[in-house]
Amino acid sequence: MSDILRNLSYIVVILGIPTFFLDQYEGRQRQNKLNTLEYVNRFHDPHLIRQRFALLRPWLDRDLNKLLAAGASRRTLQDLVLADVTASAEKGREADMRAALFDVVDFYDSLSVCLQVSLCSSDLAESYFGDYATRFFCLYEGYIKKVRTEQSIPSFGLRLEEFSNSIKACYEETRGHNVADPDHENALSSSWQGAGSSPLRDR
């Protein structure tokens, strides 16, 4: 009788092990989604909304599709962005786009760390933040890389760049042209198409 009970207890333990690990896995998944939703809340924090609007403001009177249709190259857009950032710095603290750029980069750096240590949901993060990350990095890539070089901050925006590229590359290779050529007018990724006057449109 004791042998039967002992064998039954072994069976119960063996059957319980998969259930235990399944519960642990599902618990981690739920917590990862909750952690990611915290970043959603941060993304819509009034301060970050103001900073994102500061980056959107220069584009409200422009039509990106018309710029592309007119043959605006990658370099043309990068020069336009750098001119916007430089001009904003001369208009006073409230209009300075540099602080907004640093805040958005910092947000994505933090989110990327959460993803790298498996504390956030990659599916949820990519679904919610991916489109904006790609548009933001592709638009401000020149300035971000300028900061890396001129300010000796080689890691600035690297996590954002990796996250953005995992969603969609900024530039696509087209037949007969080098994707790395900044003057090639057709090298812009399809991620820009349909952006209209708002390349940094919100969800």
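Just the heavy atoms: all of them, side chains too, but no hydrogens, waters or symmetry mates, feed the values below. In this chain, numbering begins with 1 at the start of the sequence shown. Predicted model only: the values in this text are computed from it and were never measured.
- Residues Ser88 and Asp96 meet the side-chain proximity criterion, which asks for heavy atoms closer than 4.5 Å.
- Of all heavy-atom pairs between Ser112 and Phe163, the closest is OG-CB, 3.9 Å.
- For the atom pair CZ (Arg57) and CZ (Arg50), the distance works out to 11.5 Å, reported to the nearest 0.5 Å.
- Ion pair Asp79/Arg75 not flagged as a salt bridge, since none of the NZ, NE, NH1 or NH2 atoms sits closer than 4.0 Å to an Asp/Glu carboxylate oxygen.
- Between Val105 and Asp109, some side-chain heavy-atom pair lies under the 4.5 Å cut-off.
- Using a 4.5 Å heavy-atom threshold, the side chains of Val85 and Lys146 count as separate.
- Pairing each heavy atom of Tyr39 with each of Cys120, the nearest pair is CE1-SG, 3.8 Å.
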Evaluate the side chain to side chain contact (heavy atoms under 4.5 Å, CB included) criterion for residues Tyr143 and Arg98: first the C-alpha distance (whole Å), next the side-chain angles of each, then the deciding distance (0.1 Å), finally the verdict. CA-CA 9 Å; Tyr143 178 78; Arg98 294 174 300 177; 3.3 Å; yes
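- A donor-acceptor contact shorter than 3.5 Å is absent between the side chain of Ser110 and the backbone of Asp106.
- Considering CG of Leu139 and CG of Leu55, their distance stands at 8.5 Å, rounded to 0.5 Å.
- Atom OH of Tyr108 sits about 11.0 Å away from atom CG of Leu115, to the nearest 0.5 Å.
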Go through it in stages, so that I can follow the logic: the residues are Tyr132 and Ile167, the test is side chain to side chain contact (heavy atoms under 4.5 Å, CB included), and I'd like the CA-CA distance, side-chain angles, deciding distance and then a yes or no. CA-CA 10 Å; Tyr132 187 92; Ile167 307 298; over 6 Å; no
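- Ring pair Tyr140/Phe136 is tilted by interplanar angle, where 30° to 60° counts as tilted.
- Here Cys114 contributes atom SG and Asn32 contributes atom CG; the two are 7.0 Å apart, rounded to the nearest 0.5 Å.
- Judged purely by atom type and a 3.5 angstrom limit, Thr36 has no side-chain atom pairing as donor or acceptor with the backbone of Ala125.
- Val81 has its side chain within reach of Trp59: a pair of non-hydrogen atoms, C-beta onward, lies under 4.5 Å apart.
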Between Val40 and His44, is a side chain to side chain contact (heavy atoms under 4.5 Å, CB included) present by the stated rule, with each step listed? CA-CA 7 Å; Val40 172; His44 293 287; 4.1 Å; yes
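- Residue Thr134 comes nearest to Ser164 through the heavy atom pair CA-OG, 3.4 Å, listed as atom of the first residue, atom of the second, then distance.
- With contacts defined as side-chain heavy-atom distances shorter than 4.5 Å, the pair Leu48/Asp103 qualifies.
- Residues Leu124 and Leu37 form a side-chain contact, since some pair of their non-hydrogen atoms from C-beta on lies under 4.5 Å apart.
- When hydrophobic clusters are built by joining Ile, Leu, Val, Met, Phe, Trp and Tyr residues whose side-chain heavy atoms come closer than 4.5 Å, directly or via intermediates, Leu111 is not grouped with Leu158.
- The distance from the CD atom of Gln116 to the CG atom of Leu119 is 11.0 Å, given to the nearest 0.5 Å.
- For the atom pair CZ of Phe137 and NZ of Lys168, the computed distance is 15.5 Å after rounding to the nearest 0.5 Å.
- By the rule that hydrophobic residues join a cluster once side-chain heavy atoms approach within less than 4.5 Å of another member, Val104 and Ile153 end up as members of one cluster.
- For Arg52 and Phe107, the positive end is not near the middle of the six-membered ring at less than 6.0 Å and at most 45° from its axis.
- Contact of the Arg148 side chain with the Ile144 side chain is registered, since non-hydrogen atoms from C-beta on lie closer than 4.5 Å.
- Counting heavy atoms from C-beta on, the side chains of Gln78 and Lys145 never come closer than 4.5 Å.
- Counting only distance, with no hydrogens or angles, the side chain of Thr86 and the backbone of Leu82 share a donor-acceptor pair below 3.5 Å.
- Note: Phe129 and Phe43 meet the aromatic proximity criterion, with ring centroids under 6.0 Å apart.
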